[in-house]
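In what follows, a structure is listed as structure tokens, so that the remarks can point back to it.
Hydrogens, waters and symmetry mates are skipped; everything else that's a heavy atom, side chains included, is used. Remember, predicted model here, so these are calculated numbers, not experimental data. The residues of the chain are indexed from 1 along the displayed sequence.
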Amino acid sequence: MSFGRASRRRFTLLAATAVAGALTLSACSDGNKAGGGGNTNFITGSGGVSTVAKADRVAAPKLDGNSLEGKPLDLADYKGKVVVLNVWGSWCGPCRLEAKYFAQVSEATKDQGVQFVGINTRDPERDKAINFEKDYGVKYPSFYDPIGKLILRFPKGTLNPKAIPSTVVIDRDGKIAARTLQALNGDELREMIDPIIAEK
């Protein structure tokens, strides 16, 4: 009889693990389910990029913590710059596809007052994430956020990052201006950030 209980417990544990695994995999999405709905003030374009008119933007949440290297990192340090915030994981296929483009565009736009910052999530080991950045030439800092606490700071009903990868652009006033829930190539990334760079 105790063998039966142990088997049931083991089956329940395996089932729970399978469900958790499925949820983790579904989080690494292609982002085709972008959209606002309700009384939001943002529009989603055909390329899956949602934008908000300057007058309707809301402040980005306070994001602070530690970098992948264990150093303090605070989004407030980049006030006055356009911040491109990319949510990624080393285990995520679409993140690997877009990483080289993000590295290239971050270098090409840094003299225009643009700062890229990553949020590394669901990577239980920093080493894998650090190696990912080295492999793809990513030189900008990333928050280490293994359980997604920083992502939860974004208010519901705003352009919050709901998938992995997600990219959120914060304007020079510290307000959320644009978001996409899918991987981007270099041209798509420039199309997303260039109008915000051009704002005065």
Side-chain angles (χ1 to χ4, degrees), residues 29-64 67 73-88 94-95 97-121 133 136-143 145 150-151 153-200:
S29 70
D30 62 3
N32 287 332
K33 295 179 184 172
N39 293 323
T40 60
N41 290 319
F42 57 88
I43 350 173
T44 303
S46 58
V49 174
S50 301
T51 56
V52 181
K54 198 167 182 179
D56 295 326
R57 294 175 189 166
V58 299
K62 178 169 176 50
L63 297 179
D64 58 343
S67 70
L73 184 57
D74 192 334
L75 204 62
D77 292 343
Y78 304 116
K79 190 161 182 175
K81 292 188 173 197
V82 171
V83 176
V84 180
L85 196 62
N86 179 246
V87 180
W88 63 279
C95 300
L97 291 175
E98 73 177 5
K100 68 178 179 183
Y101 300 114
F102 276 69
Q104 291 164 0
V105 175
S106 74
E107 289 297 308
T109 58
K110 66 182 177 185
D111 292 337
Q112 296 175 275
V114 179
Q115 176 64 51
F116 279 61
V117 178
I119 298 181
N120 170 258
T121 191
E133 288 190 331
Y136 292 100
V138 174
K139 295 178 184 172
Y140 53 83
S142 282
F143 288 101
D145 187 31
L150 294 178
I151 297 166
R153 291 186 188 176
F154 281 81
K156 287 187 179 175
T158 66
L159 295 180
N160 54 346
K162 306 193 270 198
I164 302 167
S166 288
T167 301
V168 174
V169 182
I170 299 168
D171 68 18
R172 289 184 178 89
D173 297 322
K175 295 184 176 180
I176 303 169
R179 177 202 64 193
T180 187
L181 302 175
Q182 62 192 25
L184 300 174
N185 65 31
D187 292 339
E188 292 164 337
L189 181 55
R190 289 305 299 249
E191 282 173 27
M192 182 180 185
I193 66 175
D194 282 351
I196 300 158
I197 294 171
E199 289 177 352
K200 300 294 176 201

Does the plane of the ring in Phe116 sit parallel, tilted or perpendicular to the ring in Phe102? Use 30° and 60° as the thresholds.
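Phe116 and Phe102: perpendicular rings.
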
So, using ring pair (Phe, Tyr, Trp, His ring centres under 6.0 Å) as the criterion, who are the partners of Tyr101 when residues are at least two apart?
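Here no residue qualifies.
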
Between [X] and [Y] (side chain of the first, backbone of the second, donor and acceptor by atom type, cut-off under 3.5 Å), is there such a pair?
| X | Y | value |
| --- | --- | --- |
| Arg172 | Ile197 | yes |
| Arg57 | Ala177 | no |
| Asp74 | Ala76 | yes |
| Glu133 | Val138 | no |

Walk me through whether Val83 and Val117 qualify under side-chain contact (heavy atoms from CB on, under 4.5 Å).
CA-CA 7 Å; Val83 176; Val117 178; 4.2 Å; yes

Hey, does [Y] have a side-chain heavy atom less than 4.5 Å from the side chain of [X]?
| X | Y | value |
| --- | --- | --- |
| Val49 | Thr51 | yes |
| Val82 | Ile170 | no |
| Asn120 | Phe143 | no |
| Leu85 | Thr167 | no |
| Glu98 | Pro165 | yes |

[X] versus [Y], closest heavy-atom pair with distance:
| X | Y | value |
| --- | --- | --- |
| Glu188 | Ala183 | OE1-O, 4.0 Å |
| Ile176 | Ala59 | CD1-O, 4.2 Å |
| Leu63 | Leu150 | CD2-O, 3.7 Å |
| Ile193 | Val169 | CG2-CG2, 3.7 Å |
| Pro161 | Ile151 | O-CG2, 3.2 Å |
| Ser166 | Leu181 | OG-CD2, 3.3 Å |

Trace of the side-chain contact (heavy atoms from CB on, under 4.5 Å) decision for Arg179 with Val168:
CA-CA 4 Å; Arg179 177 202 64 193; Val168 174; 4.0 Å; yes

Does the distance from a Lys or Arg side-chain N to an Asp or Glu carboxylate O, for [X] and [Y], drop under 4.0 Å?
| X | Y | value |
| --- | --- | --- |
| Arg190 | Asp194 | yes |
| Asp173 | Lys79 | no |
| Glu199 | Lys175 | no |
| Arg153 | Asp145 | no |
| Asp171 | Lys54 | no |

Please identify each residue that fulfils side chain to side chain contact (heavy atoms under 4.5 Å, CB included) with Pro141, with sequence neighbours left out.
Leu73, Tyr78, Gln115

With side-chain contact (heavy atoms from CB on, under 4.5 Å) as the criterion, how do Cys95 and Ile164 come out once you've worked through the C-alpha distance, each side chain's angles and the decisive distance to 0.1 Å?
CA-CA 8 Å; Cys95 300; Ile164 302 167; 3.9 Å; yes

Working to the nearest 0.5 angstrom, can you tell me the gap between Asn160 CG and Lys162 NZ?
5.5 Å

Indicate whether any N or O donor in one side chain lies under 3.5 Å from an N or O acceptor in the other, for Ser142 and Trp88.
yes

